[in-house]
Amino acid sequence: MTPKVDSRMLLLPILWIAVAHVASAQQYRTAEVNLTLGGDQGTGPEYQFERIDGLAFGKSGRILVADSKANTVRVFDSRGRFEYAIGRSGQGPGDLNRPCCITVAGETLWVEEGGNQRYSAFSLGLKSSRFLRSIRAPNAMSGANHRVSWDKSGNLIHLSDVFDSKNRSFRLTRTVLDSVGGTLRLDTLPEPPAEDLAVKQITLPVRGEKGGKFASTVGIAQPFGAFALRAFGPAGDVAEAVSSTYAITWTQNGRRLPIRSSLLPVRVSDRERAEAEQSLGEFLKRNQLSRSDLPFGIPEVKAPLIGLGFDLDGRLWVDRSVGDGQAKTADVYDRNGKHAMVVEWPRNIRLSLRASTGVTALGVAVDSLGVESVVRVQLVAKSKP
């Protein structure tokens with residue numbers, strides 16, 4: 001059964017949060033779903049997804065979907081008709097293990113494989129693909145939400161979390177690899193000062209196997225508090241921020257591009273507060289702690305930012321915190337750091353894989369049972385609120 005093209009577009013109301021920059025009416029856009037793959041829109045196995053961890057557009061509007069549990073990348077035409085699958089579970093040439101973060105470069109598909117610790121390339125044909133080669137990564141992938149990317153010289157960029165024995169924590173590293181996986185450069189990326197973040201260290205009493213007691217230190221994050229944000233874009237671009245402040249540093253080829261704005265506070269609702277209290281209570285009970293052991297409470301307002309990401313055009317998306325039950329919202333900045341548009345989309349859709357170009361985007365919709373499907377949306381201009 002071929003997927004269904006929606007005859008009625010999905011257009012949700014939006015709660016706009018004031019920002020410091022001034023946007024024209026054409027800069028406000030809302031997502032209209034015009035194609036769905038999976039869910040109740042296709043009954044064949046090729047339209048059933050287990051875990052979607054990569055989305056990309058191919059030539060002539062093709063849609064590519066990486067399913068990290070099924071260990072395949074599926075190719076659909078622009079109308080959503082299944083064409084063929086790439087890969088199968090395994091470790092051999094052309095096999096896949098936890099594929100994600102796919103990128104289409106010309107007629108070549110690049111796939112990051114977390115399970116096989118490598119990057120694999122396939123030539124995209126009309127009716128099938130052809131395995132080209134793999135580049136072995138020097139260590140495990142970071143799990144960060146990013147696409148396969150290269151520096152300005154065309155060298156593959158590998159991200160990994162490496163344990164820092166001095167600080168007893170994992171640090172994000174960026175390794176530039178040559179064509180056979182050799183290391184050309186290794187950078188350990190700086191972390192924000194600990195006092196700027198809402199992750200606090202707690203000492204837990206632990207009983208050993210022979211009855212002895214010792215202390216173990218773990219980190220716990222304050223609900224709705226500040227945390228580090230980082231995104232990786234084309235040609236080695238990096239965007240960094242702390243979620244508590246709308247202050248982003250975008251580094252392009254050594255040039256630092258600051259982005260600053262402000263948002264009205266978004267209050268934590270009673271429902272959200274109750275859920276956070278329950279989660280903290282379960283943590284305390286599990287670790288035999290009391291509420292007085294926590295170095296924080298539930299804040300009255302949320303940190304203003306919740307995510308950063310680069311799309312297929314190299315634009316930077318800045319995801320805002322929104323009120324309980326409100327549509328998701330992001331500011332989008334062009335390659336010069338100019339505010340391009342404000343976008344809103346339904347809460348049950350994830351655009352965090354950043355497969356967007358122009359005013360078209362691919363996302364993951366999740367239904368009430370947790371079933372995932374792929375949606376294609378158009379970002380349609382709406383009147384300025």
Checklist line | Min side-chain heavy-atom separation L379-W345 under 4.5 Å | finding: no
Check: Checking R136 side chain against N116 main chain: does a donor-acceptor pair fall under 3.5 Å?
Finding: yes
Check: Sub-3.5 Å donor-acceptor pair from the side chain of Q378 to the main-chain atoms of A31, do we have one?
Finding: no
Margin query: With a 4.0 Å cut-off on N to O distance, would you call R273 and E300 a salt bridge?
Written below: yes
Item checked: Approximate separation, where rounding is to 0.5 Å, of L264 CG and S321 OG -> 13.0 Å
Note to self: Keeping E272 on the side-chain end and S269 on the backbone end, is there a donor-acceptor pair under 3.5 Å?
What the structure shows: yes
Notebook entry, point to check: Any donor and acceptor pair, going by atom type alone, linking the side chain of Q27 with main-chain N or O of A340 inside 3.5 Å?
Noted result: yes
Note to self: For residues V104 and F122: do they belong to one hydrophobic cluster (side chain heavy atoms under 4.5 Å, members Ile, Leu, Val, Met, Phe, Trp, Tyr)?
What the structure shows: yes
Check: Under 4.0 Å between a Lys/Arg side-chain N and an Asp/Glu carboxylate O for R271 and D324?
Finding: yes
Check: Ignoring hydrogens and geometry, is there a side-chain-to-backbone donor-acceptor pair from D313 to R315 under 3.5 Å?
Finding: no
Margin query: Once rounded to the nearest 0.5 Å, what's the spacing between atom CG of D95 and atom CD1 of I86?
Written below: 13.0 Å
Check: Is F57 close to T357 at the side-chain level, that is, under 4.5 Å between some pair of heavy atoms?
Finding: yes
Check: Given D331 and R320, is the side chain to side chain contact (heavy atoms under 4.5 Å, CB included) satisfied, shown in steps?
Finding: CA-CA 8 Å; D331 295 310; R320 308 177 186 173; 2.7 Å; yes
Margin query: Using only atom types and a distance under 3.5 Å, with no angle test, would you say the side chain of R133 pairs donor to acceptor with the backbone of S179?
Written below: yes
Check: Can you name the closest pair of heavy atoms from P223 and A276 and give their distance?
Finding: CB-CB, 3.8 Å
Item checked: Heavy-atom side-chain proximity of L197 to P192 below 4.5 angstrom -> yes
Check: How far does CZ of R376 sit from CG of L55, to the nearest 0.5 angstrom?
Finding: 12.5 Å
Margin query: Is there a side-chain contact between S262 and Y246 in this structure, where contact means two heavy atoms from C-beta onward sitting under 4.5 Å apart?
Written below: no
Checklist line | Interatomic distance, D293 atom CG to L284 atom CG [nearest 0.5 angstrom] | finding: 7.0 Å
Check: Got a sec, which pairs hit salt bridge (Lys or Arg N to Asp or Glu O under 4.0 Å) with one end in residues 237-246, sequence neighbours left out?
Finding: R230-E240, D237-R335
Notebook entry, point to check: Can you name the nearest heavy-atom pair linking A226 to S243, along with the distance?
Noted result: CA-OG, 3.3 Å
Notebook entry, point to check: L308 and F232: same hydrophobic cluster, using ILVMFWY side-chain contacts below 4.5 Å?
Noted result: no
Check: Do side-chain atoms of K127 reach the backbone of Y84 as a donor and acceptor pair under 3.5 angstrom?
Finding: no
Checklist line | H146 side chain near E112 side chain, heavy-atom distance below 4.5 Å | finding: yes
Checklist line | Plane angle bin for F76 and Y47 - parallel if under 30°, tilted between 30 and 60°, otherwise perpendicular | finding: tilted
Note to self: Hydrophobic cluster membership, with links at side-chain heavy-atom distances under 4.5 Å among I/L/V/M/F/W/Y: are L312 and L362 in one?
What the structure shows: yes
Check: Could you give the distance from CD1 (I157) to OG (S149), rounded to the nearest 0.5 Å?
Finding: 4.5 Å
Item checked: SB check K59 E107 (cutoff 4.0 Å) -> yes
Checklist line | Ion pair check, D67 and R51, cut-off under 4.0 Å | finding: no
Next item on the list: Evaluate the criterion side chain to side chain contact (heavy atoms under 4.5 Å, CB included) for residue pair V375 and T36; output intermediate values, then yes/no.
Entry: CA-CA 5 Å; V375 292; T36 300; 3.9 Å; yes
Check: Would D367 and N348 satisfy side chain to side chain contact (heavy atoms under 4.5 Å, CB included), going step by step from the backbone distance to the final call?
Finding: CA-CA 7 Å; D367 68 15; N348 71 314; over 6 Å; no
Next item on the list: Give a yes-or-no answer on whether the side chains of H339 and D334 include a donor-acceptor pair shorter than 3.5 Å.
Entry: no
Next item on the list: Could you tell me whether E277 and R291 have a side-chain N and a carboxylate O separated by less than 4.0 Å?
Entry: yes
Check: Shortest non-hydrogen contact from S68 to P99?
Finding: CB-O, 3.4 Å
Next item on the list: Output yes when a side-chain donor or acceptor of R62 lies under 3.5 Å from a complementary backbone atom of V75, and no otherwise.
Entry: no
Next item on the list: Would you indicate whether the side-chain heavy atoms of N155 and L177 approach each other to under 4.5 Å?
Entry: no
Notebook entry, point to check: Is the shortest side-chain N to carboxylate O distance from E113 to R98 below 4.0 Å?
Noted result: no
Next item on the list: For side chain to side chain contact (heavy atoms under 4.5 Å, CB included), just list the numbers for L229 and L305, CA-CA rounded to whole Å, side-chain angles, deciding distance to a tenth of an Å, and then say yes or no.
Entry: CA-CA 9 Å; L229 299 174; L305 305 182; 3.9 Å; yes
Check: Going through the distances and angles, do D77 and R79 end up as a salt bridge (Lys or Arg N to Asp or Glu O under 4.0 Å)?
Finding: CA-CA 5 Å; D77 69 13; R79 297 183 62 184; over 6 Å; no
Next item on the list: Can you measure from OG (S134) to CG (L96) and round to the nearest 0.5 angstrom?
Entry: 8.5 Å
Item checked: Co-membership, hydrophobic cluster, residues V111 and I135, 4.5 Å side-chain -> no
Check: Is I52 reachable from F82 through a run of I, L, V, M, F, W or Y residues, each pair having side-chain heavy atoms under 4.5 Å apart?
Finding: yes
Margin query: Give me the atom names and distance for the closest heavy-atom approach of P138 to T175.
Written below: CG-CG2, 4.4 Å
Notebook entry, point to check: So, does D311 use its side chain to make a donor-acceptor pair with the main chain of V332 at under 3.5 Å?
Noted result: no
Next item on the list: Taking all non-hydrogen atoms of both residues into account, name the closest pair between A137 and H158 and its distance.
Entry: CB-CE1, 3.6 Å
Margin query: Is there a side-chain contact between L294 and L280 in this structure, where contact means two heavy atoms from C-beta onward sitting under 4.5 Å apart?
Written below: yes
Check: Taking C-beta and beyond as the side chain, do T173 and D187 meet within less than 4.5 Å on heavy atoms?
Finding: no
Next item on the list: Applying ring-ring contact (aromatic ring centres under 6.0 Å, His included) between W250 and each of F310, W317, Y333, report the one that passes.
Entry: F310
Next item on the list: Look only at the side chain of S160 and the backbone of A140, and say whether a donor-acceptor pair between them is shorter than 3.5 Å.
Entry: yes
Check: Where is the tightest heavy-atom contact between S373 and G38, given as atom of each residue plus distance?
Finding: CB-C, 3.7 Å
